[in-house]
Amino acid sequence: MIRSARAASGLTQTEAAKIVSVSLVTWARWEAGTCLMPRGLYDLFMISTNQSEVVCEQSLLRGLDDLISDAVALRRKIISTRPAIPAE
């Protein structure tokens, strides 16, 4: 999917990597399938290259839901490890 999206945009790997602010090596690993591309960066690439707007919107919403869940979990973790402050 990653290689196809890049090819459809007419970009080189270097140009595609710059769009999502990663190195050429990272982009090449994503295309080769040796590393997973984060969904949010894929969505960013698709939006930046005007591809699959409807799919991107749905993916962005799922991504935002995931970010919110992660933020809530992190907040709970931080709060649970904080020492209580005495009332005076």
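Index from 1, following the sequence.
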Inset, instruction - To the nearest 0.5 Å, tell me how far Met1 CE sits from Tyr42 OH. - result: 3.5 Å

Legend entry - Rounded distance (nearest 0.5 Å) linking atom OG of Ser23 with atom CD of Gln13: 10.5 Å

Inset, instruction - Show which residues join Ile68 in its hydrophobic cluster (side-chain heavy-atom contacts under 4.5 Å, direct or indirect), or state none. - result: Val72

Inset, instruction - Can you sort out the partners of Arg29 under salt bridge (charged side-chain N to carboxylate O under 4.0 Å, His left out), two or more places apart, ordered by chain and number? - result: none

Inset, instruction - Decide if atom CG of Leu36 counts as having more than 12 heavy atoms of other residues, nucleotides or ligands within a radius under 6.0 Å. - result: no

Legend entry - From OG (Ser21) to CG (Leu44), nearest 0.5 Å: 8.0 Å

Legend entry - Distance (rounded to the nearest 0.5 Å) between Thr49 OG1 and Glu15 CD: 12.0 Å

Legend entry - Sub-4.5 Å side-chain heavy-atom contact between Phe45 and Gln51: yes

Legend entry - Rounded distance [0.5 Å steps], CD1 in Ile19 versus OG in Ser9: 6.0 Å

Legend entry - Euclidean distance, Lys18 NZ relative to Leu11 CG, rounded to 0.5 Å: 11.0 Å

Legend entry - Flag, side chain of Ser69 to backbone of Asp65, donor-acceptor distance under 3.5 Å: yes

Legend entry - Side chain to side chain, Trp27 and Cys35, heavy atoms closer than 4.5 Å: no

